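Notes follow the structure.
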Amino acid sequence: MSVTHGRMGLSLTQEILSHLGLANKTAAWGTLGTLRTFLSFSVDKDVQRLLKAIAGQGVDRIAILDVLTNRSREQRQLISRAFHERTQQDLLKSLQAALSGNLERIVGSGSAEDVALEILATRTPPQLQECLAVYKHNFQVDAAEDIKSETRGILRDLLLALAKGGREAYTGIIDYNLAAQDIQALKQAEGPSTERTWVLVFTQRNPEHLVRVLNQYQWYTGHELEKTVRARFHGAACVALLNLASVIRNTPLYFADKLHQALQETEPNYQALMRILISRSETDLLSIRAEFRKKFGKSLYSSLQDAVKGDCRKFQAK
């Protein structure tokens, strides 16, 4: 077997296997999330419980977390509507922020930019619009305006493009010609004036197409696209592109790494843990748990038990 044939066979095998993994299966309740419909659900009881939880001098975080982590999105929407009808107010903005992903104010810090990229790159269009609406309400400014003023270069262009939510939808048709064109364009995009090519490909193409581009790029060049990124870019731009590549290759693994990083800090990063566990609990937390155990040799549940204290244990990786 020739080297060329071997490379092609491996790429084809990887592509086939990528469609057979846990990420494309669902649990008995229809998703890879850990939240499902709460059978004893009562809108009136939950609204009353939330009203009681936020009344008085202290906030009953345990009650709020219980509602957040034991109700489906549809049930929480009913709660939010009933809450508004009863009080003529939106549900707590802190709860809205938690459900939307805790998009921090973009003020030029590396951590805020990292969180912004995570949210902009991994949320569905409806979720993204919800995040951006909460951002504008909380900070009285459009996220795009903060991005323009607080970031620069290709990082700014990446974040602005992602915030527009203009990524192409997957039609089920494989466009091999477009994949070849994108690979060739990325190979030739070496000068400062070619950064637009990277932004276009990484923010406009659908994820299925990008997985194929990443795999085929390695076959054509003999090395991963990430190696080109490290050689071509530096600083925040390099980190952003590498994170996007990680999201594209394996989103559950990307979040497993994020959770592990949050747990390895001297004091667990509770904000990151809450953001990821809550935002992914309805979509792919089961896959994240599988990737976490596979890479780190220990269950996410056990890792959280060892590191997390207090109320946060109430919602850990159910």
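Bear in mind the structure is a predicted one, so any value in this text is a computation, not a measurement.
Atoms CD and CG, on E208 and D175 in that order, are 13.5 Å from each other to the nearest 0.5 Å. Once rounded to the nearest 0.5 Å, the distance linking NZ of K298 with CG of D306 reads 3.5 Å. Going from atom CD1 of I276 over to atom CG of N269 covers 8.5 Å, rounded to the nearest 0.5 Å. Expressed to the nearest 0.5 Å, how far CZ of R230 lies from CG of L225 amounts to 10.0 Å. To the nearest 0.5 Å, atom CG of residue N215 and atom OH of residue Y220 are 12.5 Å apart. Taken to the nearest 0.5 Å, the OG1 atom of T203 stands 9.5 Å off from the CD atom of E168.
Neither L178 nor I174 shares a network with the other; the hydrophobic side chains, linked directly or stepwise wherever heavy atoms of I, L, V, M, F, W or Y lie under 4.5 Å apart, form separate groups for each. In this structure, L160 is a member of the same hydrophobic cluster as L162, with clusters built from ILVMFWY side-chain heavy atoms closer than 4.5 Å. Put simply, Y217 and V199 are part of the same group of oily side chains (I, L, V, M, F, W, Y) that touch within less than 4.5 Å, one to the next. Residues F83 and F41 fall within the same hydrophobic cluster, defined by Ile, Leu, Val, Met, Phe, Trp and Tyr side chains chained together at heavy-atom separations under 4.5 Å. Residues V211 and L214 share a single hydrophobic cluster, defined by chaining ILVMFWY side chains whose heavy atoms lie under 4.5 Å apart.
Taking all atoms of both residues into account, the shortest heavy-atom contact from C131 to R123 is SG-CG, 4.4 Å. In terms of heavy atoms, I147 sits closest to L120 at CD1-CD1, 4.4 Å. Between A185 and T197 the shortest heavy-atom distance is CB-CG2, 3.7 Å. Residues L132 and A163 share a closest heavy-atom pair of CD1-O, 3.5 Å. Looking at every heavy atom in both residues, L210 comes nearest to V201 through CD2-O, 3.3 Å. Looking at every heavy atom in both residues, L155 comes nearest to A240 through CD1-CB, 3.7 Å.
For the pair S303/F292, a side-chain contact is recorded, criterion being any heavy-atom separation below 4.5 Å from C-beta on. At a threshold of 4.5 Å between non-hydrogen side-chain atoms, the residues T124 and T283 do not count as touching. For the pair L277 and L300, the minimum side-chain heavy-atom distance is below 4.5 Å. Residues T221 and K227 have side chains not in contact (no heavy-atom distance under 4.5 Å, counting atoms from C-beta outward). In this structure, the side chains of Q264 and Q261 stay at 4.5 Å or more apart for every pair of heavy atoms. Looking only at side-chain heavy atoms (C-beta outward), H223 and T228 come within less than 4.5 Å of each other. P252 places none of its side-chain heavy atoms less than 4.5 Å from the side chain of R280. At a threshold of 4.5 Å between non-hydrogen side-chain atoms, the residues L241 and C238 do not count as touching.
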Side chain to side chain contact (heavy atoms under 4.5 Å, CB included) assessment of L253 paired with K294
CA-CA 10 Å; L253 178 58; K294 180 180 178 181; over 6 Å; no
Show the numbers, then the answer: is there a side chain to side chain contact (heavy atoms under 4.5 Å, CB included) between I183 and W219?
CA-CA 10 Å; I183 292 168; W219 180 75; over 6 Å; no
Begin with the C-alpha distance, continue with both residues' side-chain angles, and end with the deciding distance and a verdict on side chain to side chain contact (heavy atoms under 4.5 Å, CB included) for V239 and L117.
CA-CA 10 Å; V239 173; L117 182 73; over 6 Å; no
Steps toward side chain to side chain contact (heavy atoms under 4.5 Å, CB included) verdict (E224, R249):
CA-CA 12 Å; E224 293 184 342; R249 285 190 185 278; 4.1 Å; yes
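Looking at R205, its side chain never comes within 3.5 Å of a backbone N or O of L200 through a donor-acceptor pair. Side-chain N or O atoms of E145 include none that pairs as donor or acceptor with a backbone N or O of D142 at under 3.5 Å. Between the side chain of N206 and the main chain of H209, a donor-acceptor pair closer than 3.5 Å is present.
Residues D114 and K258 are paired through a salt bridge, judged by an N-O separation under 4.0 Å between the basic side chain and the carboxylate.
Inspection of the Y254 and T122 side chains reveals no N or O donor paired with an N or O acceptor under 3.5 Å.
Sparse packing is recorded around NZ of K136, with 12 or fewer heavy atoms of other residues, nucleotides or ligands lying under 6.0 Å away.
A perpendicular orientation is assigned to the rings of W198 and F233, their planes being inclined by more than 60° (bins at 30° and 60°).
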